[in-house]
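Computed from a predicted model, the values in this text were never measured in an experiment. Reminder, nothing fancy here: chain letters follow the sequence lines and each chain counts from 1.
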There are 2 protein chains.
Amino acid sequence: MSEEKDVFKQLLDQEESLTEKQQKIVEAAIEMFAEKGYAATSTSQIAKKAGVAEGTIFRHYKTKKDLLLSIVSPAMAKLIAPFVIRDINKVLDAKYERYEDFLKAMIINRQEFLKDNMTVFKILIQEIPFHPELKEQFKEHIAQKIFDKFTGLVEYYKEKGQIVDLPAPAVVRFSASSIFGLLLVRYIFLPEENWNDEKEIEMTVQMIMNGVGQQDGR
Amino acid sequence: MSEEKDVFKQLLDQEESLTEKQQKIVEAAIEMFAEKGYAATSTSQIAKKAGVAEGTIFRHYKTKKDLLLSIVSPAMAKLIAPFVIRDINKVLDAKYERYEDFLKAMIINRQEFLKDNMTVFKILIQEIPFHPELKEQFKEHIAQKIFDKFTGLVEYYKEKGQIVDLPAPAVVRFSASSIFGLLLVRYIFLPEENWNDEKEIEMTVQMIMNGVGQQDGR
DNA sequence: GATGTAAATGAGTGATTACTCACTTTACAA
DNA sequence: TTGTAAAGTGAGTAATCACTCATTTACATC
């Protein structure tokens, strides 16, 4: 539990202590890292866009890499926020009697997250392949945890007789793929289209439930 | 149809006319672009790894960018290979009476492609966000075409009464997400695990069919 | 061997890069 | 007003970069 605390502390500190110039640096870096990538963005360009001297960046961040990490690490912590509650099954049972309801709520929740953090999330996804320490952090702290929690949830709903007798990892993968596919197309590939979010979520959840849900009479 | 011909011509030319040194350059570039990214890989590093002088790279490729494009453009052409047959419905009807059979065959076919082209495909995915012309090419020549063909296929199987009355784009997105999720986890996230490919494909196709397939008696 | 051409080399070039540091400006306390 | 610390600046530094081009090497032909 201690690494989660550290990550959250970092997140909170980060948001409270930025000077105006530092804030401009971070905003400029976010925009340019997302558009051109970390490696192809120079500190000179970031400084120009932020309206500060290049040396100012190094007043606040020891290295260019530290600037990147200061941006993406908090975003990673935010990613797992809905999954860090220890007794998540108890909490959810009070609210979501059915796997279907849980799925809907989670999609809506992650959509809200994406709306607010789209650019930073984009940087994270783009940079992970090129930074081994980011990849490890993501793998150990994010992907594994989400997978474990999600698997536990699937087992829970299986015990309640709501999911057919397929291996939980396969169900997780299937559910997560469908959700991720929806979010990807909705926000990255075709963001300009007229989306009826409610309907698309409804359809996706329906297809997932038809795919893995235990049907009465079947 | 003419752009497909040009892409294929490029692909064939590319594979036939490489000198030994050029081959070494391409191999070194593929390895390093995949690992560090295009922007963070220098021509000096590529030359060293290939065991050639740096100037030799520029004997064969006008710019560093040309080297990258010479690698990923043929891979893009290969991506759409199964989808470029004009009367694909007729061909498929002779072989795949059911959507389920088509899905299986396509997953297996794309798996074979991934096995042989994993690294180049990885470069492509990694670099698309940073190269507008790659993104455009991918969007116009690959994603749109695959989507159109796949949609046509879904409509076809809907007419045969095999798929429920959901919008074809949603069915495509759902099917493709599940397939992509399987391939992603299988080959990128957890490649070291013991995978029973046949069983995983069977399960995935089953879940998809349960999700969108028209069931007798339902 | 002489001649011509293609392929390869590696020193060099001008530009760019992440970062340093001497100096200036700003903010604040006494 | 004075003094000090913090914040900010931008010229400069050593290293790196994509690429050039004069030279060398390899090979074929006569």
Rounded distance (Å) that lies between atom C1' of C/dA18 and atom CD1 of A/Ile46: 11 Å
Residue-phosphate contact under 4.0 Å: A/Thr56 side-chain N/O, D/dT9 OP1/OP2: yes
A/Lys139 and A/Gln144, any side-chain heavy atoms less than 4.5 Å apart: no
Length of the CD-C1' vector between A/Gln45 and D/dG10, whole Å: 18 Å
Nucleotide D/dT20, atom P - distance to CD1 of B/Ile57 in whole Å: 13 Å
C/dT16 phosphate, OP1 or OP2, under 4.0 Å from A/Ser42 side-chain N/O: no
Side chain A/Asn196, main chain A/Lys199, donor-acceptor under 3.5 Å: yes
A/Glu54 CD - D/dA11 P separation (whole Å): 11 Å
Distance (rounded to the nearest 0.5 Å) between A/Glu136 CD and A/Ile128 CD1: 10.5 Å
Closest listed nucleotide, where the reference is the side chain of B/Lys62 and the choices are D/dA6, D/dT20, D/dG10: D/dT20
Interatomic distance where CG belongs to A/Asp66 and P belongs to C/dA18 [whole Å]: 14 Å
Residue-phosphate contact under 4.0 Å: B/Thr43 side-chain N/O, D/dA18 OP1/OP2: yes
CD/A/Glu133: more than 12 non-hydrogen atoms of other groups inside 6.0 Å: yes
Distance below 4.0 Å between B/His60 side-chain N/O and C/dA7 OP1 or OP2: no
A/Lys21 side-chain N/O to D/dG8 phosphate OP1/OP2 under 4.0 Å: no
For atom NZ of A/Lys48 and atom P of C/dT17, their distance in whole Å: 9 Å
